[in-house]
Amino acid sequence: MKIIMLGAPGAGKGTQAKMIAQRYGIPHVSTGDIFRANIKNGTKLGAEAKQYMDQGLLVPDELTVKILLDRVAQEDCAKGYVLDGFPRTIPQAQVLDEALEKQNEKIDYAVNVDVPDENIVKRMSGRRACLKCGATFHIEHIPPKQEGICDSCGSQLVLRDDDRQETVQNRLKVYHDQTQPLIDYYEKKGILKSVDGTVDMQDVFHAISNVLA
Ligand code: AMP
């Protein structure tokens, strides 16, 4: 099963993507995570991506499409995957569709986690991330057991640069301009499933499980 997660930054699509990946035994593929891993490892790709990410801008399609296609070509993606944060533009979606068509494959579902803008800014400024192991928390909704400390590896939690308020505003603008058109794109293909993302994350997951069934 090949699934795409859509939704504004901070809509909770990453959390849902991880839950879906676990339920269906398929990899969770996040382009944001791949970029962050590259930044952490000091690669050339990481340095290039960081310039855009820190401003809330999209990393250019050329760079992003290549890393995504390389990733889904790996063995563990043979039975499917859940894409989190890709595609973010119509051209990215088209390149993915063309690559899949060549292999007689297609995306099965595009799941849109719907959350209004006013909820997003509040949510994101409460987000805390572990830069060491990648775990994410929220000061209200998913608090770590010990304040400021990662449950998984014990490192200090931080507010990521791209979760800061002005960056969030930029990311929302970019989302509306460049990513939201994908909702129409997948609707026209007949594979869009929208769920209310404002409810408890277990309820969001329940709604998603129902539409994927
Ligand atoms: P995320 O963790 O998915 O919110 O991604 C964090 C940042 O990585 C985004 O704000 C973009 O700068 C960059 N990024 C992640 N995925 C993509 C993509 N598909 N296209 C362009 N930029 C991306």
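Counting starts at 1 for both ligands and their atoms, following the listed order. One-based numbering along the sequence shown.
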Would one find an N or O of [X], backbone or side chain, under 3.5 Å from an N or O of ligand 1?
{"X": "Arg88", "value": "yes"}
{"X": "Arg171", "value": "yes"}
{"X": "Asp33", "value": "no"}
{"X": "Asp84", "value": "no"}
{"X": "Pro87", "value": "no"}

Worksheet item: Taking Gln16 as the fixed residue, which of Ile208, Asp84, Ile3, Val82 is the one that meets the side chain to side chain contact (heavy atoms under 4.5 Å, CB included) rule?
Response: Ile208
Using a 4.0 Å cutoff against the non-hydrogen atoms of [X], which atoms of ligand 1 qualify?
{"X": "Thr64", "answer": "18 (C), 19 (N), 20 (N), 21 (C)"}
{"X": "Arg36", "answer": "2 (O), 6 (C)"}
{"X": "Thr31", "answer": "15 (C), 16 (N), 17 (C), 19 (N)"}

Considering heavy atoms of the protein only, find what lies nearest to [atom] and give residue, atom and distance to 0.1 Å.
{"atom": "atom 20 (N) of ligand 1", "answer": "Gln92 NE2, 2.9 Å"}
{"atom": "atom 19 (N) of ligand 1", "answer": "Gly85 O, 2.8 Å"}
{"atom": "atom 21 (C) of ligand 1", "answer": "Val59 O, 3.2 Å"}
{"atom": "atom 23 (C) of ligand 1", "answer": "Phe35 CE1, 3.8 Å"}

Discussion item. My understanding is that we take every heavy atom of each candidate and find the minimum distance to atom 8 (O) of ligand 1. Doing that for Gln55, Arg160, Met124, Met53, which one comes out nearest?
Written reply: Met53
If you count the non-hydrogen atoms of other residues, nucleotides and ligands that lie under 6.0 Å from [atom1] in [X], is the total more than 12?
{"X": "Glu62", "atom1": "CD", "result": "no"}
{"X": "Gln103", "atom1": "CD", "result": "yes"}
{"X": "His176", "atom1": "NE2", "result": "yes"}
{"X": "Gln22", "atom1": "CD", "result": "no"}

Discussion item. Tell me the contacting part of Leu58 for ligand 1: side chain, backbone, both, or neither, using a 4.0 Å heavy-atom threshold, strictly below.
Written reply: both
Worksheet item: Heavy-atom contacts under 4.0 Å between Leu57 and ligand 1: side chain, backbone, both, or neither?
Response: backbone
Discussion item. Please give me the minimum heavy-atom distance between Pro181 and Asp177, naming the atom from each residue.
Written reply: CG-O, 3.8 Å
Item to complete: Mark yes or no for whether Asn41, through its side chain, and Thr43, through its backbone, hold a donor-acceptor pair below 3.5 Å.
Response: no
Item to complete: Begin from the C-alpha positions of Asp163 and Arg171 and carry the test salt bridge (Lys or Arg N to Asp or Glu O under 4.0 Å) through to its verdict.
Response: CA-CA 9 Å; Asp163 286 340; Arg171 293 177 74 192; 3.4 Å; yes
Response to the item:
Value for CG (Leu58) from CD (Gln178), rounded to nearest 0.5 Å, stands at 4.5 Å
Worksheet item: Could you state the interatomic distance from CG (Asn112) to NZ (Lys193), rounded to the nearest 0.5 Å?
Response: 12.5 Å
